[in-house]
Amino acid sequence: MRVDIITLLPQIFEKVFDESVLGAAVKNGLIDIVLHQFREYGEGRHKTVDDTPFGGGPGMVFKPAPLVNCIRDVRKKGIHAPVIGLTPQGMPLNQCLVKELALFDRIILVCGRYEGFDERIINEFDFQLSIGDYVLTGGEIAAMTVVDAVSRMIPGTVGCEESVIQDSFYEGILDHPQYTRPANWEGLLVPDILQNGNHALINKYRRSRSLLTTLVTRPDIFATAYLNESDKDIFQEILNTSSNNNL
Ligand code: ADE
């Protein structure tokens, strides 16, 4: 998959895309990240890309021509790709959207800065994405988040595909807790069931922990999660246990 990133700060991406899992994916040719400095499209001697807002107010706004010219050039530099603006007004990113994005052979991410984009730039985006209901100083960290999450969905990026499937949100519910040695640390014990080698029981225990954690901490995502027949049995057992214990 190829990801083009249009930004005023290409240098801040280098470390993130050089190291660890993402670095390996880049080295193995699973992801090709191409950074574009759109200052090169700036106007005049100072390569100006922004100006004060009409109507007054704080901060600076990206001028339409430099960014749109850059987007149009980048579009032409490869196969057809959606242009995605990273903005707090965008569609909220979730795992479902991440999986959809991973199906593209190429995407183009556009990072904002300052107070935002001149509204007429928005026509150039196929859609806008937000990584959460808070405002960042720019779209760069949002772009890194998108690339990180999408890369994990590309087969071969994360060594063990099973771990991706079991991860939080992939199947619509949160992940179960994990433990490693020692089995007793400062008096905190690893549940016996994880140490007895019975994989059917271990899977059932993990699934019940995932379901319960999701129900308690994220009822919003639990409401739309797909539950199978054995999940319903797990809940019945939990209800039986709590009524036997007068809970
Ligand atoms: N730029 C600033 N805040 C953002 C957010 N929450 N998501 C995506 N891009 C942004």
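By convention here, the first residue in the shown sequence is residue 1. As the structure lists them, so they are numbered: ligands from 1, and atoms in each ligand from 1. Just the heavy atoms: all of them, side chains too, but no hydrogens, waters or symmetry mates, feed the values below.
Here D133 has no heavy atoms under 4.0 Å from ligand 1, in either its backbone or its side chain.
Counting heavy atoms only, L136 comes closest to atom 3 (N) of ligand 1 of the residues I84, T145, I131, L136.
At least one heavy atom of L129 sits under 4.0 Å from some atom of ligand 1. Contact between G90 and ligand 1 is absent, with no heavy atom of the residue lying under 4.0 Å from the ligand. Under the 4.0 angstrom criterion for non-hydrogen atoms, G112 is not in contact with ligand 1.
Listed here is the closest heavy atom pair of S230 and N228: OG-OD1, 3.1 Å.
A perpendicular orientation is assigned to the rings of F62 and F38, their planes being inclined by more than 60° (bins at 30° and 60°).
Between V135 and ligand 1, a contact under 3.5 Å exists for no N or O pair. Every N/O-N/O distance between A142 and ligand 1 stays at or above 3.5 Å.
Side-chain N/O atoms of D73 and Y41 include a donor and acceptor closer than 3.5 Å. Inspection of the E43 and T48 side chains reveals no N or O donor paired with an N or O acceptor under 3.5 Å.
Interface of G138 with ligand 1, defined as ligand atoms under 4.0 Å from a residue heavy atom, comprises 1 (N).
Residues I221 and L174 have side chains in contact (heavy-atom distance under 4.5 Å, counting atoms from C-beta outward). Contact annotation: the side chain of V61 never approaches that of D51 to less than 4.5 Å [non-hydrogen atoms, C-beta and beyond].
Here the protein heavy atom with the shortest distance to atom 6 (N) of ligand 1 is Y134 O, 2.8 Å.
Here the side chain of Q128 pairs no donor or acceptor atom with the backbone of I84 at under 3.5 angstrom.
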